[in-house]
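Presented below is the structure to which this report refers.
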Amino acid sequence: MRPCTRIWLLLIALSGVTYGIGEAGLGGKAVVATLLAISLVKSQLVAGFFMGLRRTSFMWRAIMGGYLVVVCGMIGVAYWLGAVR
Amino acid sequence: MSDTQTLALPRNPPGDLAIWFFIFAELLAFGIFFLAYAFARAKNVELFNQSQLLLNRESGMVNTLVLITSSYFVVRAVAAIREGFSQVCARWLLGAIGLGGVFVAVKLAEFHAKFAAGISLHTNTFYMFYLSLTIFHFMHVLMGMVILGFVAVKARRGGYSADSHTGVETGASYWHMVDLVWLILFPLVYVIR
Amino acid sequence: MFFFLLFLALTFDTQGVLPKRDHRENITDAVVRGKHIWERNDCIGCHTLLGEGAYFAPELGNVYKRRGPDFIKAWIKGQPTGVPGRRQMPQFHLTDQELDDLVAFFKWTSEINTSNWPPNIEG
Amino acid sequence: MQYQSQAVAKPYFIAAIGLFVGQILFGLIMGYQYVVGDFLFPALPFNVARMVHTNLLIVWLLFGFMGAAYYMIPEESETELVSPGLAKLMFWIFLIAGALTIVGYLAVPYATLAKMTGNDILPTMGREFLEQPLITKAGIVVVALAFLFNITLTVLKGRKTSVSLVLLLGLWGLAVFFLFSFYNPANLVVDKYYWWWVVHLWVEGVWELILGALLAFVLIKVTGVDREVIEKWLYIIIAMTLITGIIGTGHHYYWIGTPEYWQWFGSVFSALEPIPFFMMTVFAFNMVNRRRREHPNKAATLWALGTGVMAFLGAGVWGFLHTLAPVNYYTHGTQITAAHGHMAFYGAYVLVVLTIISYAMPILRGRAANSERAQVMEMWAFWLMTVAMVFITLFLTAAGILQVWLQRATDTPLPFMAVQEKIALFYWLREATGVVFLIGLIVYVLSFFAKGETKAA
């Protein structure tokens, strides 16, 4: 099986997990953290393997990785703020 | 910064460098929009949680699978052209565009249901964000389909080769960006609560 | 291009909801005439209206609520104050009818839903 | 000079500088009126002085843009201008119409001027920056059409470059959006909504395209860097400009009666507006560092770099300071806005026009660059004006912060005029730096008359 096919199946599986959590109607800090982590992993997989950033210089990977970490992290912060309020 | 010489890098990402500036600009716009959503929610948790339950999570999930798969098709298209198979490349691209069409159809059905229920930008803050974000993304899908369409037509005519196929990679990179944005948008707006 | 389309879509949507926020059913002939008096004398060259204009003289979007109709008319009639060194407002020689129209314009303007701007009555 | 018809740019540039001087003089009068309120009253009320100040700015920048286009387009298109005669005719029409308008502002009360010029037929006057009488507005349209006709046909018959296409797009956009100045509905909210289509979409939209094209042209000439490299930058910058700037219009739609979602759209997109300006700065410095030749005109390079930096500071940083809706709630319509307006216009548009003048004027006068002495004077002028502008901005910002503090963000707000008296010190400081600016401008004008050896073009 081609590596990209494996990545594709992995992405499908992870999306299934996200959907499952949504169907179960779960909430709370741990669930939010899990969902954000899954999103981060998925988007990194797309960026690295599909967009081909994995074979580029550090700068490109850092820009994309940094962007994803900041966005997912800040979303996490916002949810945490919403939970403590 | 716009040629390899000044960057002094081992490798640039695939496709025309200009598209990457564009991609990062778009990602930045989406990123700030996502954060605006998240922080607006922090002030209004109840409203967001209630409204979120009324979204059609099934169609969101279907569209996630559709976009991931279409992105995968595009990867296969690039792989094909790297080996010089123009027609194979074109077929994968057409498949990806077809899936884009499925996304559009599902999304339109979803929008139709919402509009029929009388929901608009003014219903509440949640729906303002839901509609803005998804419509904004929707327009990117349409734009991506147009780009892939041009690339597919050119590939069909044998316009690319194993040595020269920047155009395919450029279109592919844009399409992956559209997919990547959705991978954050879907959990954020439809699931996380 | 794409962003311009989005901008047009938002403009279209805005046009649709504006009537609820600007109460255009209250735009009487007096309000229309008042707006022209406002423009004809270039009031915006010193004052702000809903925060836009020159920053030389007070905000007038909420002047109706701050001062009331009689004060506004008396004030305009009494200009310039002639206090040495103080900022001066010209005498525009408005008729009573024109003053009423201008006040009608200020009244309507003060009723626009501006998302609670300005933060307080001083503008 | 490679093409004879480029010479028509010269009167445009001279007129631009002349009107610039006028603009600054009126600025100083207004600055003085801010502290000594009855200065020149009733001969010259503040609103008239302000009208002259802002209208002169717009008109001289337009002269600068037109002169720049007449200079650049023949060289870019590698062909003579279609009609140099038309360009000369339009120069005189525009200059005379402009002068008459200013005389009208100064000679009769504004209401009388409105009556004389047919404002009753189609009322368009008395709105900020669009104070021009109906006939002047119509005149602007005629001049703009003749100008665009001339320029567009020249581009069409010659070589088409990215620089000339971006410039054309910007100039056409300028003309198209100006048409909204004729739309003045009785509903103030709708009036303001479309008023911004002229004002915002000019200065944060199509004018930026013109700015980018002018800067790219001068950088190609003075650095000798490959055209392809510069064009790629130009494309990316204008793409970013349009992505952020168009929906960024929303930052004007927070408090004028428009729906509240504009607070989100405006904040999100205008928060990104500094990016194209930042890229412009990086672009200018990058190209100069990679220059392939030492152009004898060092002053032009300085102006170009200054454009990048000051546009970023004024439009980017000072714009960002108060563009987010929660901040803007308190700063809207205060001296903070004035601070931003001054530095943004100076950094982005004044400097880019002076850049192209600095580059083109020596060539129009038959030499590659001015004498050493003249260039030194020009650089002095640059630093005097730029440093003065930085301080004007800082003082106005300080005044604005105090104003917000005393009048807006407090439980015991003071009335407007009481606050103005409390911040008078900053207005005095601003006026003093304004005088320094004028000195810089005088040095600049004198640099055109400086003697010394020059190399032939």
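Every value quoted in this text rests on a predicted model; they were computed, and no experiment measured them. Numbered from 1 within each chain, the chains take letters A, B, ... in sequence-line order.
The closest side-chain donor-acceptor pair between W255(D) and E52(C), if any, does not fall under 3.5 angstrom. No hydrogens or angles considered: nothing links the side chains of N120(C) and Q407(D) as a donor-acceptor pair under 3.5 Å. If you check the side chains of T14(C) and Y261(D), you find a donor sitting under 3.5 Å from an acceptor.
Here the side chains of Y55(C) and T334(D) are not in contact, with every heavy-atom distance at 4.5 Å or above. Proximity of P45(D) to P90(C): side-chain heavy atoms (C-beta onward) are separated by under 4.5 Å at one or more points. Looking only at side-chain heavy atoms (C-beta outward), N184(D) and E39(C) come within less than 4.5 Å of each other.
Heavy-atom pairs under 4.5 Å with chain C were tallied for M417(D), E131(D), Q335(D); the largest tally goes to M417(D). Among F3(C), F56(C), W38(C), the residue with the largest count of heavy-atom pairs under 4.5 Å with chain D is F56(C). The residue among V32(C), T48(C), L18(C) with the most heavy atom pairs within less than 4.5 Å of chain D is L18(C). In terms of non-hydrogen atom pairs under 4.5 Å with chain D, the most contact-rich of K20(C), M89(C), E59(C) is M89(C). Among K115(D), M30(D), R127(D), the residue with the largest count of heavy-atom pairs under 4.5 Å with chain C is R127(D). For chain C, the option among H252(D), E421(D), Q403(D), M125(D) with the highest count of heavy-atom pairs below 4.5 Å is M125(D). Ranked by heavy-atom pairs under 4.5 Å with chain D, the list V17(C), L6(C), L10(C), I44(C) is led by L10(C). Per-residue counts of heavy-atom pairs under 4.5 Å with chain D were compared for T114(C), I121(C), D42(C); the largest is that of D42(C). Counting heavy-atom pairs closer than 4.5 Å to chain C, the top residue among V35(D), T258(D), V36(D), T410(D) is T258(D). Ranked by heavy-atom pairs under 4.5 Å with chain C, the list Y254(D), F269(D), F39(D), F265(D) is led by F265(D). Of all the listed residues (P109(D), A111(D), P415(D)), the one sharing the greatest number of non-hydrogen pairs under 4.5 Å with chain C is P415(D).
Of the charged side-chain nitrogens involved, at least one lies within less than 4.0 Å of a carboxylate oxygen, so that K35(C) and D191(D) count as a salt-bridged pair. By the 4.0 Å N-to-carboxylate-O rule, R21(C) lies close enough to E260(D) to be salt-bridged with it.
Between the side chain of E128(D) and the main chain of G53(C), a donor-acceptor pair closer than 3.5 Å is present. Looking at R408(D), its side chain never comes within 3.5 Å of a backbone N or O of P119(C) through a donor-acceptor pair. Of the possible polar contacts, one joining the D38(D) side chain to the G85(C) backbone as a donor-acceptor pair under 3.5 Å is found.
In this structure, CG in L50(C) is found 7.5 Å from CD1 in I256(D), a value given to the nearest 0.5 Å. Expressed to the nearest 0.5 Å, how far OH of Y110(D) lies from SG of C43(C) amounts to 10.5 Å. Remark: T412(D) OG1 to E122(C) CD distance equals 10.5 Å, nearest 0.5 Å.
Contact annotation for L5(C): neither backbone nor side-chain heavy atoms come within less than 4.5 Å of a heavy atom of chain D. Within the 4.5 angstrom heavy-atom criterion, only side-chain atoms of T109(C), from C-beta onward, approach chain D. Proximity to chain C (any heavy atom under 4.5 Å) is shown, for I247(D), by both the backbone and the side chain. For a residue to count as touching a neighbouring chain, one of its non-hydrogen atoms must lie under 4.5 Å from one of that chain's; by this rule V31(C) does not touch chain D. When heavy atoms are compared at a cutoff of 4.5 Å, P185(D) approaches chain C solely by way of its backbone atoms N, CA, C and O. In this structure, the portions of L49(C) lying under 4.5 Å from any heavy atom of chain D include both its backbone and its side chain. For a residue to count as touching a neighbouring chain, one of its non-hydrogen atoms must lie under 4.5 Å from one of that chain's; by this rule Y427(D) touches chain C with the side chain only. Residue contact with chain C, scored on non-hydrogen atoms closer than 4.5 Å, involves the backbone and the side chain of A186(D) alike. Contact of Q15(C) with chain D is made through the side chain alone, with heavy-atom distances under 4.5 Å. Heavy-atom distances place the side chain of Q263(D), and not its backbone, under 4.5 Å from chain C. Looking at P413(D), both its backbone and its side chain come within 4.5 Å of chain C, counting heavy atoms on both sides.
The shortest non-hydrogen separation linking H332(D) to G51(C) is NE2-CA, 3.4 Å. Of all heavy-atom pairs between R50(D) and G45(C), the closest is CD-O, 3.4 Å.
Under the side chain to side chain contact (heavy atoms under 4.5 Å, CB included) test applied with R87(C), the options F46(D), Y34(D), F41(D) reduce to a single match, Y34(D). Among the candidates Y194(D), Y193(D), W197(D), the single residue satisfying the side chain to side chain donor-acceptor pair (under 3.5 Å) test with T11(C) is Y193(D).
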Next item on the list: Output, in order, the C-alpha distance, side-chain angles, deciding distance and verdict of side-chain contact (heavy atoms from CB on, under 4.5 Å) for N116(C) and Y329(D).
Entry: CA-CA 9 Å; N116(C) 283 324; Y329(D) 183 66; 3.9 Å; yes
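Taking the six-membered ring wherever Trp is involved, the centroid distance between the rings of W117(C) and Y330(D) does not fall below 6.0 Å.
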